[in-house]
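Here's the structure, in structure tokens; my notes come after.
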Amino acid sequence: MNWDHKNIRSTFLRYFENNNHKVLNSYSLIPDNDPSLLFVAAGMVPFKAEFSGKVKPKYLRIATCQKCFRMDDIDNVGYTLRHHTFFEMLGNFSFGDYFKYESIHYAWDLLTNVYKLDPNKLWVSVHTDDDEAEEIWRSIVPSEKIVRLSDNFWGPAGLTGPCGPSTEIFYENFYCPNVNCKPGSECLECEKKERFIEIWNIVFTQYFKNEKGELIDLPQKNIDTGMGLERLARILQNKPTQYHTDLFYPILIKIEQFIEKDVEKVYNDFNIQFDLNNYLSKRDIYLNIVADHLRGAVFLISDGVIPSNDGRGYVLRKLIRRAILYSKFLGISKEFSHEIVDSVIEIFKDVYPEVYLRSEFSKKILNSEEKAFIKNISKGINYFNKIKEELIKNNIKVIDGKKAFYLYDTLGFPLELTIELAKNNGLRVDVDEFNKEMELQKIQSRQNKNDIKVFSINRQFKTEFVGYDKLKEQANIIAILKINSNKTLELLNEISNPEDDIILITDVTPFYAEAGGQVGDKGIIFNDNFKFQVIDTQKHVEGFIFHIGKLLQGYVKLGDKAYLEVDFYRRKLTAIHHTATHLLHSALRKVLGTHVYQAGSLVDYDRLRFDFTHFQAINDNELKNIEELVNEIILKELDVLIEYKPLNVALEEGAIALFTEKYPENVRTVKIMDDEFISYELCGGTHVKNTSFIGVFKIISEKSLQLGVRRIEAVSNLPLLSIFDKFYSIVNNLAALTNTDIDKIKDYISKIISDSKNLKQSIINLKKKYYQLLLDSIKFEDNNIININLLEEDDLLIVHDLIKIKNPNYIGIYNVQDTNKVIIIFNSTLKELLDIFSNYNLKLINLGNFKKVIINNFSNQEFFKDILYKIKQRN
RNA sequence: GGGGCUGUAGCUCAGUGGGAGAGCGUCUGCUUGGCGUGCAGAAGGUCGGGGGUUCAAGUCCCCUCAGCUCCA
């Protein structure tokens, strides 16, 4: 049997399809609206809600091969046989359908009868308290191959969520005569060589872990299993490591091609000493790291992650930079990362089309990150050299951890490199101190987490949104919350005084909560007894809606009926900008190309901001085309069609979805079309009914946001008018001031600027000539006092400069007429003069290469003669 | 979300409260049969923006904008 990765995957899915499972495609690596998770880290993550019983599952049995990403084990990647950042997990799931018995039998049947693994090499573990699971296993495997382990308990993914005891299946890589050497208690040697590899983890998901850490019985008993594709492939393909399987090997081969024969030279470029022994022993590890990270980066980029300095983008950046760093240790000097993309695609294009579709984009991103990182490294090396010189001067052998941390923290210079460089210079890095600094940084960062959306409340609420059709609605107040100064939330039964930082939750609301870039509504909530001003509306993670604001007057208590009224003009103008955003998006794709993806969006009542992927500056011509295209569609008076339909239907029809959003089964679509689609997006925002309502569209600015991402700000309708007013009055004022026509202001001002430069230069030239004439009439003897009439007080330097040309070390003693001051100017190199002046308590003023001394009321100063005398006597 | 750093000539960056600089690049002249080279000279600056302290701010303080970076 040829167990290539495609065959392993399809065999798994087909097996469960034959056992009445619905086979679903892998979900994106980016989890749905869950701020507690950066990435999908296990096959069950997309079904968290189904497991918890919050969502009724559409299918009771599901099987997937899910893309997963974990950063937790990154330090192990490459060093062990089993860790990866990006990996695939084969999983079968049951939501209240089959449980322990069937799941165990499915697993055993598939492994031994389909994949034909040798049953003698399989071991299993069950949770310490799980008699039932052990009982089931006893009928399948000999009892000496079953172990009970206390840590056989999985989950939750994130802080809260479904979890439960598990049973694991291990594959024995090699024989060990020690009878006590078992999974979970291997002998030291076997642990090192990874005798047992966990290939399948079956979780009996029957609990929900809440915020307090309590385990609560779930309404139904579930099965959640996960089998690492890479591990299974290693076994079935009989390879020494997972990197030798067809999931990695072509990537390794490609990377190896870039390793230069003259490795030493590459090391010298980075000021690192080359150590042949070290290089060879670490070669495989580094090769694995580079392959793993670049493979992972390609998948993250394909799912819409863009390198940035926070969140998911930051993880991606770190991943790419680590790959580049280790490529340097490997002996690769040229930019290579983008050239690896094709070999990743070659492996996965039939399985994950998104990887193939975004390949050009991935290459661009990798290459620009690589360039940026190299630039960083060279800055870091500059700083390192400074430290080094300082240390050598003071004869110190240790680079203190704070300096190493500065390199890392502020300059983004990897610690590994600092250590290497130090070694080569006979220095050592205080890594302990570095770690302390890192710990401090982490503690500090954790302190202020105050995203209101992730606040947990011990009760479930539900708010129905009716604001697409209505802007005013009556509703019941079902919760009152106070935001405390320490950013925690407190449930109240009533409030009676005017107070800020209050949140009201109602059962129904016309208020739109911030989502999809569109800002939350403002407005008022009121009845006969109170008036509450809503300054922002936010959606909580669990679905209900916060009306955030302040109580202006009266008192509110739980259960009150009240009217909710949205600020009409604000909402209307926001809708105008939202529809305009869709038109802009479509125009960008038309003018610039389909590599344009939305990378961020803000829709407010007075402007819109749209971030998108694009790699060059947009020229004026393109910008004009985009603007015209949008305005053209506004003039066409096209209807904006809102429809609800199944997600897959919408996607098949060509609707644009965001990579970073997870959509429900039934989605809301916003469509604008004439003969063909102009714009077709999945969107929950509020829109105008017809494009003509937008009125007019104007791009205000275009700039680079970060590498590969650009931002356009634009304004429509009335807010544009106020911007126009502002500019109009500025321009009018300028025209009036310069007494010119509006069209000619620019020419006029540039003429003034160049005139004034020329005038300045002329004046200086004239002054030089004038003073030269004065000086020509003076006979220079050493240290005589020059009586001089200055045109302006600052001109003295011009005079001194003129003298200096012929007498470089001239000590100028100037008696400035009409000011009763003597000013002495001399070259800073004449150090012997410094003491003379400071003995008389005279302040020396630095003037670049000169020192200046001012002596006021010199005619009354007896000591002046002494000074003159001493100046003459010097040397 | 929380820190750290940077912003000065086209580029890379110095700059201690006192005339805005260096190297590279550009231009001109000389050097050469011509191109390197060498020499001499020149152009090029809202010192990110705004406010404050000071006789005097690129430099100190506050605000702001932009970029880089680490952590969560």
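In what follows, chains are A, B, ... by sequence order, proteins preceding strands, each numbered from 1.
At whole-Å resolution of the value, CZ in A:R312 and P in B:G1 are 15 Å apart. In this structure, A:F405 places its CZ atom 12 Å from P of B:C5, rounding to the nearest Å. Between the P atom of B:U69 and the CZ atom of A:F413 lies a distance of 14 Å, rounded to the nearest Å. One interatomic measurement links the two molecules: CG of A:L411 to P of B:C13, which rounds to 11 Å at whole-angstrom precision. Rounded to a whole Å, the CG atom of A:L407 is 14 Å from the P atom of B:U6. Straight-line distance from the CD1 atom of A:I443 to the P atom of B:G2: 18 Å, rounded to whole Å. Per the geometry, CD1 belonging to A:I377 stands 17 Å off P belonging to B:U12, to the nearest Å. Distance CE (A:M71) to P (B:A72): 10 Å, rounded to an integer number of Å.
Projected onto RNA chain B by closest heavy-atom contact, A:K318 and A:N382 fall at different nucleotides, the more 5' of which corresponds to A:N382. A residue-by-residue look at A:F373 and A:T410 shows that A:T410 has its nearest nucleotide of RNA chain B further toward the 5' end.
The stretch residues 432-441 of chain A comes close to RNA chain B through A:M438, A:Q441, each having a heavy atom under 4.0 Å from the strand.
Partners of A:E416 by salt bridge (Lys or Arg N to Asp or Glu O under 4.0 Å), not counting sequence neighbours: none found.
When the C1' atom is used for both B:C13 and B:G58, the distance is 14 Å, rounded to whole Å. A distance of about 24 Å separates the C1' atoms of B:C60 and B:G67, rounded to the whole Å. B:G50 and B:C65 are spaced 15 Å apart, taking the P atom of each and rounding to whole Å. Between the C1' atoms of B:U69 and B:G29, the separation comes to 47 Å (whole Å). Comparing the P positions of B:U6 and B:A22 gives a spacing of 24 Å, expressed to the nearest Å. When the P atom is compared between B:C62 and B:C5, the two are found 12 Å apart, to the nearest whole Å. With C1' as the reference atom, B:G51 and B:A20 are 23 Å apart, rounded to whole Å. The gap from the P atom of B:G41 to that of B:U46 amounts to 26 Å, rounded to the nearest Å.
Here B:G36 is in the syn range [glycosidic angle within 90° of 0].
When heavy atoms are screened at a 4.0 angstrom cut-off, A:Y406 is found touching the sugar-phosphate backbone but no base atom.
Not a single donor-acceptor pair under 3.5 Å links the side chain of A:D73 to the backbone N or O of A:N76. Under the 3.5 Å distance criterion, the side-chain polar atoms of A:R607 are left unmatched by any main-chain donor or acceptor of A:V715. Checking side-chain atoms of A:E433 against main-chain N and O of A:G401 turns up a donor-acceptor pair under 3.5 Å. Distance alone, capped at 3.5 Å, places no donor-acceptor pair between the A:D606 side chain and the A:P719 backbone.
Contact annotation: A:N376 side-chain N/O to B:C68 OP1/OP2 distance is not under 4.0 Å. Put simply, A:K386 has a side-chain N or O that comes within less than 4.0 Å of OP1 or OP2 on B:A14. Put simply, A:R317 has no side-chain N or O that comes within less than 4.0 Å of OP1 or OP2 on B:C70.
In this structure B:A72 sits in no base pair that meets the Watson-Crick or G-U test at under 3.5 Å. The nucleotide B:C47 finds no pairing partner, because no Watson-Crick or G-U wobble arrangement with both distances shorter than 3.5 Å includes it. In this entry B:C5 has B:G67 as its Watson-Crick or G-U wobble partner, both defining distances falling under 3.5 Å. Using the Watson-Crick or G-U wobble rule with both distances under 3.5 Å, B:U59 pairs with nothing in any strand shown. Pairing for B:A42 goes to B:U26, judged as Watson-Crick or G-U wobble with the two contacts each under 3.5 Å. The pairing partner recorded for B:U37 is none, the criterion being a Watson-Crick or G-U wobble arrangement whose two distances lie under 3.5 angstrom.
Contact check on A:K371 versus A:E335 returns a salt bridge, with a Lys/Arg side-chain nitrogen under 4.0 Å from an Asp/Glu carboxylate oxygen.
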| said: With salt bridge (charged side-chain N to carboxylate O under 4.0 Å, His left out) as the criterion, how do A:K482 and A:D500 come out once you've worked through the C-alpha distance, each side chain's angles and the decisive distance to 0.1 Å? | reply: CA-CA 9 Å; A:K482 163 92 184 147; A:D500 288 344; over 6 Å; no
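At least one side-chain heavy atom of A:I324 sits under 4.5 Å from a side-chain heavy atom of A:I374.
A:D536 and A:Q538 share a side-chain donor-acceptor pair at under 3.5 Å.
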